[in-house]
Amino acid sequence: MKNLRRGLLVLVLAVLAGGILKLRGRGGVPPTGGGWRELEGPDYR
Amino acid sequence: MTVLLCGAGAVGARAARQLVDTPGVEHVLVADRDARRARSVVEVMSPKAEVTDWRPGDPMPGGVSVLACALPGGVDAVAAPPAVDAGVDVVSCADDRAGVAALLALGARARRTGSRIVVGAGLAPGLTDVLAAHAGAALDTVTTVRVARSGTAGPACRDALRRALRERPRELRAGRWNEDPRRGGHELVWFPDPVGAAECHLVDGGVELLYDGFPGLERASVRFAAPPSRGWAPFPVRRAADAGWAAARVEVDGRRGVAWETLVYGVVERAEVAAGTVLATVAAHLAGALAVGPALPPGATGLARAVDPVAFLGELTTRGVRAAAFEGTPV
């Protein structure tokens, strides 16, 4: 019973931690090695 | 010239608007299993557009030059044969493996009747095939084409994407088709802003059309980003800032002279707008209302072989769908 309670407590804490990371977490800095340039005529390169 | 547009959903409605705005297209017939939806599309485009009670599988109405299909996966295979038998040109934005294969299989029949079938005329497959051909034209040899797409056009497109993600993926490796029964092969793909980075999963997604467009290709793959959850989660889910936007990215490796080069093209647009514009532009081209490529011979082909990339990208630009090139080190 004690082990079950411990397991449940760990599970609840893991879900809470995961939820906080999901809702409050931020992505990393995207790798910037260039940028996008709109294609223009006449050759659209 | 009369175009029969089958499907008045998210893509069909945008294609109808583009067709009506094309001067050479005289008449647009709109068919949908939901007559009310077809009427709602047509009522703002009258008198050039009109509702028809034609259903996939019915004989083609007289006077139709092109059948444009904006249908859920699998229905194209039912809609196209009567058009092919009547010698009417067909363009479809199907992106599922079975749908693409069924339309390509109609090629021999189309050659007998003089019909032309353009398969995969949407965002991806579709515009991505044209961008790959455009990149390929700048290289002497092309060895690898990698396509990725994020975003869907509507509920039917989302369902098709979910099906594609469940199916066994297929990619070309060392010139051979590889079907890995295990799921996997996902990659973080960087699309133009505002979509940015998205994890994309290996799918079939019309990879056969890429191979068709580049004979001798060694590697080809298509990856789609998973659609957002259905919204049944009991807890709040962070909404993506790019909701509603779709993007595609095409990376082409090859040789120019003695040097290896990688060219990366991309596009960001509402998925239904991009797919509808591509579908309508190809339909208008087949109808002779636009000239965005060579005169196609009868048979079935992908979009890469059906249009001239520069003319096609120019036409899309005038219609508001603009592609971009990545400059720098691809990531």
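These numbers were taken from a predicted model, which means no experiment stands behind them. Hydrogens, waters and symmetry mates play no part in the numbers below; they use all other heavy atoms, side chains included. First the proteins, then the strands, lettered A, B, ... as listed; each starts at 1.
Annotation: salt bridge (Lys or Arg N to Asp or Glu O under 4.0 Å) contacts involving residues 271-287 of chain B, sequence neighbours excluded, comprise B/Arg14-B/Glu272. Screening residues 129-153 of chain B for salt bridge (Lys or Arg N to Asp or Glu O under 4.0 Å) gives B/Asp95-B/Arg149, B/Arg146-B/Glu251, B/Arg146-B/Asp253 as the qualifying pairs, with residues at least two apart or on separate chains. Listed by first then second residue, pairs satisfying salt bridge (Lys or Arg N to Asp or Glu O under 4.0 Å) with a partner in residues 282-296 of chain B number zero, not counting sequence neighbours.
Chosen from B/Ala138, B/Ala323, B/Pro192, B/Ala135, the residue pairing most often with chain A at heavy-atom distances under 4.5 Å is B/Pro192.
Counting all heavy atoms, side chain and backbone alike, A/Arg37 lies closest to B/Glu327 at NE-OE2, 2.6 Å. Of all heavy-atom pairs between A/Asp43 and B/Val310, the closest is O-CG2, 3.9 Å. Taking all atoms of both residues into account, the shortest heavy-atom contact from A/Trp36 to B/Tyr265 is CZ3-C, 3.7 Å.
Using a 4.5 Å cut-off between non-hydrogen atoms, no part of residues 5-15 of chain A approaches chain B.
Looking at B/Phe312, there are no atoms closer than 4.5 Å to chain A (heavy atoms on both sides), in backbone or side chain.
For A/Glu40, the CD atom sits in a loose shell: 12 or fewer heavy atoms of surrounding residues, nucleotides or ligands are nearer than 6.0 Å.
Taking the side chain as every heavy atom from C-beta outward, B/Thr317 and A/Tyr44 approach each other to under 4.5 Å.
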